[in-house]
Amino acid sequence: MSKDKKNEGKEILEELKELSEWQKRNQEYLKKKAEEEAALAEEKEKEKQARMASKSEGTDETEDQENESNPKDPESAKEESEEKVEDSEEVKKEVSKEKSKSTENEGQDKKREKKPVKKKSAKPKIPAIHILRALTILFPSLLLLIVSAYLLSPYATMKDIRVEGTVQTTADDIRQASGIQDSDYTINLLLDKVKYEEQIKSNYWVESAQLVYQFPTKFTIKVKEYDIVAYYVSGESHYPILSSGQLETSSVSLVSLPETYLSVLFNDSEQIKTFTSELSQISPELKAAIQKVELAPSKVTSDLIRLTMYDTDEVLVPLSEMSKKLPYYSKIKPQLSEPSVIDMEAGIYSYTVADKLIMEAEEKAKQEAKEAEKKQKEEEKKRLEEQQSKLEEEKKKLEEESNRNQTTQRSSRR
């Protein structure tokens, strides 16, 4: 067997030598291509066998039985394998020599002899413009469908409204001021949020309001109320004055009053607004020192007010200039050794309360003297008027008597 194979290999080599260079290269190319196709076929076969491994268990058992029935002699198999190895090595050596000679022209021949690879036909793609046109129609339609379904559902008018920040007012008052109805759509509250916030501020206690939405149906009204800066005192009744200048129409109970508060003894709406505006520009320490405010107009200043402090000092200052002049009291106060009156009507000067009492006593005495003198004059005038009226009555009586005498004389003559 080995001698025959050797002879075949020699014959092949002789034939290769007799062939031309181009034929040799062509045969080598065809041989190489056949080997590649065989390798690919083997790989595909292996993959197929691996997939069908579970199904091939029965066939393996039958093949094992056939091999056992036809066993080969191990020595003869060994000799045949050795001969095959020797023949293949010799052939490989001869072929490698021939290949080395034709390596220069192989690239060009391969390029010429390569067959064109057929491309798989790709599926036609949809143009992008058609996709965009479809989206521009589908998306608005889907959105409209969702909105319509929502508006038709009970969730469209379902609202859970809560109120935060109320002290002087109640949650019901705030809801009523907002004007929100149970039938209002939730989407309307979101779109007209500013309008509802302004309506809430129509309550004079509310300084600011914010409507906050929380998915899906929760609304929170956050309210900030005006502060109470003073109380208008009328007898035993106390009416709150807000920082906005608004005077509360209903009085508060004495139990609910704070320990210290600012009492205002006038209730003119314009003067109260001016007072709260001026008071807001004063420091908190100076505000806390004021106990009572009352009107004290003079001939020169019609809006003069008297501030009675907790330390018994008194300050006279025009209402329209209170925020400008009153801060000077903090600088003057350390220089005062006893309760004093600080007059800021024209300039700024001070005098003690004792001097004030003396001045008030003198002023009172002068006033009383004037009133006594006036009363005396009125009495004298009244006395003169009475005397004059008596004289006129006597004169009338005399005239009447004279008229009577004349009439009697005339009658007697007749």
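- Side chains of Ile272 and Ile241 form a contact here, defined as non-hydrogen atoms less than 4.5 Å apart.
- In this structure, the side chains of Ser251 and His238 stay at 4.5 Å or more apart for every pair of heavy atoms.
- When all heavy atoms are compared, the tightest approach of Ser243 to Tyr226 is OG-CD2, 3.3 Å.
- For Ser389, there are no side-chain hydrogen bond (donor to acceptor under 3.5 Å, both in side chains) partners at least two apart in sequence or on another chain.
- Atom CG of Asp182 has 12 or fewer heavy atoms from other residues, nucleotides or ligands within 6.0 Å.
- Side chains of Gln168 and Ile228 form a contact here, defined as non-hydrogen atoms less than 4.5 Å apart.
- A salt bridge between Arg175 and Asp173 is absent, with no side-chain N of the basic residue lying under 4.0 Å from a carboxylate O of the acidic one.
- Taking a 6.0 Å sphere around CD1 of Ile187, one finds it holds 12 or fewer heavy atoms contributed by other residues, nucleotides or ligands.
- Counting heavy atoms from C-beta outward, Lys287 and Leu262 have side chains that stay 4.5 Å or more apart.
- You'll find the side chain of Pro258 reaches within 4.5 Å of the side chain of Tyr231, heavy atoms only.
- Within 6.0 Å of CD on Glu294 lie more than 12 heavy atoms contributed by other residues, nucleotides or ligands.
- Salt bridge status for Glu198 with Lys201: present, with a side-chain N to carboxylate O gap under 4.0 Å.
- The side chain to side chain contact (heavy atoms under 4.5 Å, CB included) test applied to Glu36 returns Lys32, not counting sequence neighbours.
- The number of heavy atoms from other shown groups lying within 6.0 Å of NZ (Lys273) does not exceed 12.
- At most 12 non-hydrogen atoms from other residues, nucleotides or ligands lie less than 6.0 angstrom from OH of Tyr185.
- For Glu236, the CD atom counts as loosely surrounded, since its 6.0 Å shell holds 12 or fewer non-hydrogen atoms of other residues, nucleotides or ligands.
- Atom CG of Leu384 is surrounded by more than 12 heavy atoms from other residues, nucleotides or ligands within 6.0 Å.
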Full working for side chain to side chain contact (heavy atoms under 4.5 Å, CB included) between Val264 and Val233: CA-CA 6 Å; Val264 177; Val233 181; over 6 Å; no
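- A 6.0 Å sphere centred on OH of Tyr328 holds no more than 12 heavy atoms belonging to other residues, nucleotides or ligands.
- Using a 4.0 Å cut-off between charged nitrogen and carboxylate oxygen, Glu401 and Lys397 do not count as a salt-bridge pair.
- By the side-chain hydrogen bond (donor to acceptor under 3.5 Å, both in side chains) test, Thr169 is found to be paired with Glu225, residues two or more places apart in sequence or in another chain being considered.
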Side chain to side chain contact (heavy atoms under 4.5 Å, CB included) assessment of Thr186 paired with Tyr213: CA-CA 10 Å; Thr186 304; Tyr213 172 69; 4.1 Å; yes
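- Looking at Met344 and Tyr329, their side chains come closer than 4.5 Å, going by heavy atoms from C-beta outward.
- Checking each of Asp303, Val293, Leu279 against Met322 for a side chain to side chain contact (heavy atoms under 4.5 Å, CB included) leaves exactly one that passes, namely Leu279.
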From CA spacing to verdict: side chain to side chain contact (heavy atoms under 4.5 Å, CB included), Leu326, Ile290: CA-CA 11 Å; Leu326 192 59; Ile290 304 172; 4.1 Å; yes
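- By the 4.0 Å N-to-carboxylate-O rule, Asp313 lies close enough to Lys333 to be salt-bridged with it.
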